[in-house]
Amino acid sequence: MHRFTYVLIQYVLFFCVAFSVQAADDISFIKELNPANQLLANSQVLDLVHQALQKNLPEKRIWKKLLHYEANAFQSVVSQIKTADFFLSNDGIKKNDQELVATLAGFFAPVELKDKHPICRFPARLSWLKSQLKDHPAWIQLPVPTCYFYDVYLRNLNAESISFVFSSYYANSPGSAFGHTFFRVNKKAKVGKSKQELLDYGISYAAQITTGNSLLYMINGLTGGFNGSYVSVPYYYKVREYNDYESRDLWAYELNLNENEVAQLINHLWEVGPQLFDYYFFTQNCSYHMLTALEASSERISLTDKVPLYVIPSDSVKALFEVPNFVRKVEFRPSLRKHFENKWNLLKENEKSDLVSVISGDSVEKLKKITFANSDRKALFYDTLIDYVDLKDPNGIANRKGRWHAVKEILLINRAEIPVISEDLPIATNEEDRPDRSHPSARASFGIGNGPIEGVSKTRGFFQFRFAFHDLLDNSLGLPQFSQLEFFNFKFQAVDSQMYLDNFSFFNILQLNPLRRIDPQVSWGVDLGVKNLSLCNGDRSCLGVGLQIYGGYAAALDKSLFWMLPFLHYRYGNQFSITPNYLAVGYQLGYLYEISQSYKVLIKYAKEIPDRYETTDSISTQLRYNLSLRHSVELEWQSGQLSRVQDNQMGKVLYHYFF
Amino acid sequence: MKILFILLTIVSVSFAQKAKQAAAAKPKAYARPYGMAGCGLGSIVMGKHGSQVSAGTTNGTAGNQTFAITAGTSNCVDDNAAEVAHKMDKYIQINKVQLAGDVAKGNGETIVALSDVIGCQSSRNLAMALRSNYRSIFGSDFTTNNLTDSIITVIQNDSALAGECSLNNI
């Protein structure tokens with residue numbers, strides 16, 4: 001208020017002497033666009049500016065959202081946009097009031113500027129300012145520049161509604177482990193024709209990757225080393241990329257925006273499209289900037305306050321449901337893998353055997369020897385095989401090289417000669433897979449337990465905090481089954497009035513892929529962080545930093561999953577008794593029994609053979625009861641060394657709270 | 001005079017027949033306002049770490065992709081007046097693998113969307129015509145321009161389709 005009063009006095013003084021003093025330095029903050037003269041010469045425009053300041057428009061929420069002013073890490077309010085081009089005033093990156101004055105002035109710049117005219121470049125700002133300063137006589141003087149590219153943009157989009165799209169989890173790539181979100185701009189359907197989703201536009205915020213080096217990619221992504229910007233491509237790009245190439249499901253949440261809000265979102269994306277932001281993988285990522293774009297489009301939309309500082313894509317989807325009536329409908333576009341499995345399940349047993357035989361060895365030769373019951377069965381067989389080949393080698397297929405590409409060429413030529421037209425085989429939406437149905441991403445846990453130390457029974461307290469995301473015992477609704485993805489997981493123990501760190505995982509990933517008939521995949525895991533080991537001659541705090549890497553196989557039977565995962569374990573601990581470098585090989589046998597999403601049992605046995613330390617046989621049994629998506633209770637019994645189970649067993653009960 | 005006129009007519013008609021046959025043998029090259037490179041289309045990166053959907057696109061960096069290029073408002077304008085061949089090129093460049101599959105099967109979302117791009121009344125007839133010409137369209141040269149030209153040629157050689165699909169700007 002204090003600062004504004006100062007500014008207001010400054011402006012009032014200026015306006016009072018405007019006609020007598022050609023003091024260009026008073027409004028020198030307005031960039032060289034020739035509006036300075038416009039402003040000085042035009043009393044109506046001056047009054048428009050005066051009104052805007054009187055109404056305190058620079059401080060309004062929408063103005064700040066349109067300019068992306070937010071408190072940064074140092075708590076000063078600065079625009080998140082880095083490129084100077086976005087601002088019409090010299091210090092617009094910080095000064096919301098100067099930027100507003102410069103914007104209003106800029107609208108009255110000469111039409112010769114054409115596409116560079118502020119009216120063409122900032123349609124969302126214009127629309128909002130007009131609505132806030134309705135019926136002001138100055139608007140009559142507003143020039144009408146030809147905005148060729150803006151018009152083409154609007155025509156390309158032909159927007160009717162907007163959908164918020166989520167592409168599902170992709171464990172193979174760290175940047176995609178949490179999923180990805182982007183907008184789909186739904187085109188108005190042509191009269192008498194059905195909607196062609198492929199021809200809609202997908203607008204997404206992403207990092208501009210400038211390195212092929214994996215380590216640099218990770219460091220830059222986490223610390224703001226990349227710029228971020230919006231990209232707009234026909235939706236078929238997204239379908240090919242996510243559905244086909246990466247075989248990920250797409251969930252589209254159609255938003256209940258009115259015509260003005262849709263227009264304003266499109267306008268605002270045009271304003272920020274050419275600009276650069278910072279990109280931070282955890283905080284200012286794809287999801288965060290979809291929410292900021294939505295917030296700039298309408299007074300009633302408030303979303304960034306409904307997600308924590310660390311914006312996880314599925315959390316941004318859930319935030320949509322916290323604005324009343326914001327989601328109109330949910331659409332599911334299954335991945336290529338789901339299409340393949342759908343067709344595979346329609347094949348008869350002998351057809352399945354034939355397919356398995358064709359894909360090994362000389363496929364083309366084998367194909368010639370297969371007989372089919374009729375053309376329809378032949379067509380289905382070929383369609384299934386075509387999907388398989390696309391899944392097997394998406395890179396080779398796209399680049400037209402390799403064995404599978406050669407096979408596919410033959411498949412398609414043959415298929416074109418089968419006199420059967422493939423009908424669409426719809427795949428039902430499984431509501432349980434909806435990403436907005438998953439449990440909250442953070443978890444805090446409290447528990448008590450009991451276990452001996454040197455023969456004396458001790459009560460222990462447990463406290464755990466996990467920033468994200470999910471483990472095998474959690475409720476898997478809306479999440480991939482048999483997948484564990486944990487980031488920043490802290491486990492503390494309190495005993496004898498002392499608190500110790502039991503484990504800290506920077507990340508702990510486990511991908512269990514049950515063996516299947518076609519293309520069985522390995523199961524794998526990585527756990528990187530700090531662990532408390534019993535290698536320090538009885539010291540209760542004995543920390544080692546390092547990792548554990550698993551690779552093996554899993555098999556599913558009804559509600560049970562079994563796995564056998566050999567592993568390599570390395571930790572460095574300068575307090576270790578024999579050598580600070582702990583290196584071990586071993587294997588884990590696991591058994592997961594899912595009675596339902598509410599009741600699960602997990603039993604793990606591990607044999608670990610270190611280089612210089614004692615071999616260990618350890619076991620743990622966990623019983624989990626997930627009361628709801630937010631509350632769970634767990635009973636655990638474990639022993640770190642079965643040969644001396646009396647000395648090191650532990651029983652505990654834990655309460656988990658998801659938030 | 002009359003005989004000369006009839007002779008001329010016969011000669012010109014026979015030339016026209018020959019030209020049509022030649023077109024069926026090798027696709028005619030149709031006009032485009034500018035090449036794909038002008039669109040920046042060939043250098044769009046999809047996915048992380050430069051995973052590519054379409055062959056021959058990029059060497060993996062997205063640093064120079066502006067919103068104007070991706071929104072189709074830089075050199076490469078999605079004007080209604082832009083040649084149909086050019087519109088088809090843009091679509092086929094990214095969708096050609098899926099398109100070949102759908103054409104072989106005689107049906108699919110990718111064909112239906114293509115018929116929308118071309119401006120055909122319905123996609124069924126287009127799908128049937130493309131399928132019976134599968135080999136000649138997809139069998140040899142898989143470059144985008146050639147695929148587009150082949151498809152346009154198929155449409156123009158089929159009188160029913162030619163009426164159904166508005167290839168006005170060809």
Side-chain angles (χ1 to χ4, degrees), chain A residues 149-150 152-153 155-157 173 175-176 190 193-194 196-199 201 203 206 208-210 212 214 217 227 229-234 236-238 240-242 244-246 270 272-275 379 382-383 386 390 395 397-400 408 411-417 420-424, chain B residues 44-57 60-74 77-80 90-91 94-95 97-98 100-110 112-117 121-122 124 127-128 130-135 138-139 142:
Chain A
F149 290 115
Y150 171 60
V152 169
Y153 169 74
R155 212 172 335 118
N156 280 357
L157 293 180
S173 161
S176 314
K190 293 184 186 160
K193 292 192 135 204
S194 57
Q196 290 307 316
E197 201 170 274
L198 289 180
L199 302 177
Y201 267 81
I203 301 185
Q208 291 187 342
I209 313 291
T210 49
S214 296
Y217 170 76
N227 288 328
S229 66
Y230 287 90
V231 171
S232 165
V233 290
Y236 53 70
Y237 273 75
K238 297 296 190 192
R240 297 301 158 238
E241 177 187 359
Y242 292 111
D244 300 342
Y245 192 77
E246 294 183 341
W270 178 250
V272 294
Q275 311 301 338
Y382 266 82
D383 289 352
I386 289 166
D390 281 338
N395 220 13
I397 300 293
N399 292 307
R400 300 180 62 71
K408 191 175 177 193
L411 288 179
L412 291 185
I413 290 175
N414 290 356
R415 179 67 188 86
E417 284 160 16
V420 173
I421 294 180
S422 302
E423 292 307 326
D424 292 325
Chain B
I44 288 194
V45 168
M46 279 133 315
K48 301 66 224 163
H49 282 293
S51 68
Q52 294 163 39
V53 166
S54 183
T57 49
T61 57
N64 58 354
Q65 281 307 309
T66 66
F67 189 73
I69 290 176
T70 60
T73 60
S74 70
V77 169
D78 251 339
D79 216 302
N80 280 334
K90 284 169 66 177
Y91 179 81
I94 301 300
N95 293 291
V97 168
Q98 189 66 26
D102 281 6
V103 169
K105 295 176 197 169
N107 182 28
E109 199 186 5
T110 314
V112 181
L114 176 67
S115 82
D116 206 286
V117 169
Q121 304 280 34
S122 95
R124 276 282 173 182
M128 283 202 318
L130 293 181
R131 196 156 98 107
S132 29
N133 287 287
Y134 182 84
R135 255 188 225 257
F138 295 100
F142 213 72

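Naming convention: chains lettered A, B, ... in sequence-line order (proteins, then strands); numbering from 1 in each chain.
- Counting heavy-atom pairs under 4.5 Å between each of A:Trp270, A:Tyr236, A:Tyr382, A:Tyr150 and chain B puts A:Tyr236 at the top.
- For B:Asn133, the side chain to side chain contact (heavy atoms under 4.5 Å, CB included) test picks out B:Ser136, B:Ile137, B:Val154, with sequence neighbours left out.
- Using a 4.5 Å cut-off between heavy atoms, B:Arg135 contacts chain A through its side chain alone, with no backbone atom that close.
- Note: B:Ile94 CD1 to A:Lys238 NZ = 11.5 Å, rounded to the nearest 0.5 Å.
- Considering only heavy atoms from C-beta on, B:Arg124 comes within 4.5 Å of A:Ile421 through its side chain.
- Listed by chain and residue number, A:Ser204 satisfy the side chain to side chain contact (heavy atoms under 4.5 Å, CB included) test with A:Ala206 (two or more places apart in sequence, or in another chain).
- Contact of A:Glu423 with chain B is made through backbone and side chain together, with heavy-atom distances under 4.5 Å.
- Here A:Leu198 contributes atom CG and B:Asp116 contributes atom CG; the two are 10.0 Å apart, rounded to the nearest 0.5 Å.
- When A:Ala379, A:Pro234, A:Ser422 are compared by the number of non-hydrogen pairs under 4.5 Å with chain B, A:Ser422 comes out ahead.
- Using a 4.5 Å cut-off between heavy atoms, A:Asn414 makes no contact with chain B at all.
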Practice prompt. Test B:Glu109 against A:Asp424 for side-chain contact (heavy atoms from CB on, under 4.5 Å), laying out the working first.
Written response: CA-CA 9 Å; B:Glu109 199 186 5; A:Asp424 292 325; over 6 Å; no

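- Residue A:Val272: no heavy atom, backbone or side chain, is found under 4.5 Å from chain B.
- Chain B forms more heavy-atom pairs under 4.5 Å with one residue of A:Asp383, A:Ile386, A:Ile397 than with any other, namely A:Asp383.
- Using a 4.5 Å cut-off between heavy atoms, B:Thr110 contacts chain A through both its backbone and its side chain.
- Of the two parts of A:Leu412, the backbone and the side chain both hold a non-hydrogen atom closer than 4.5 Å to a non-hydrogen atom of chain B.
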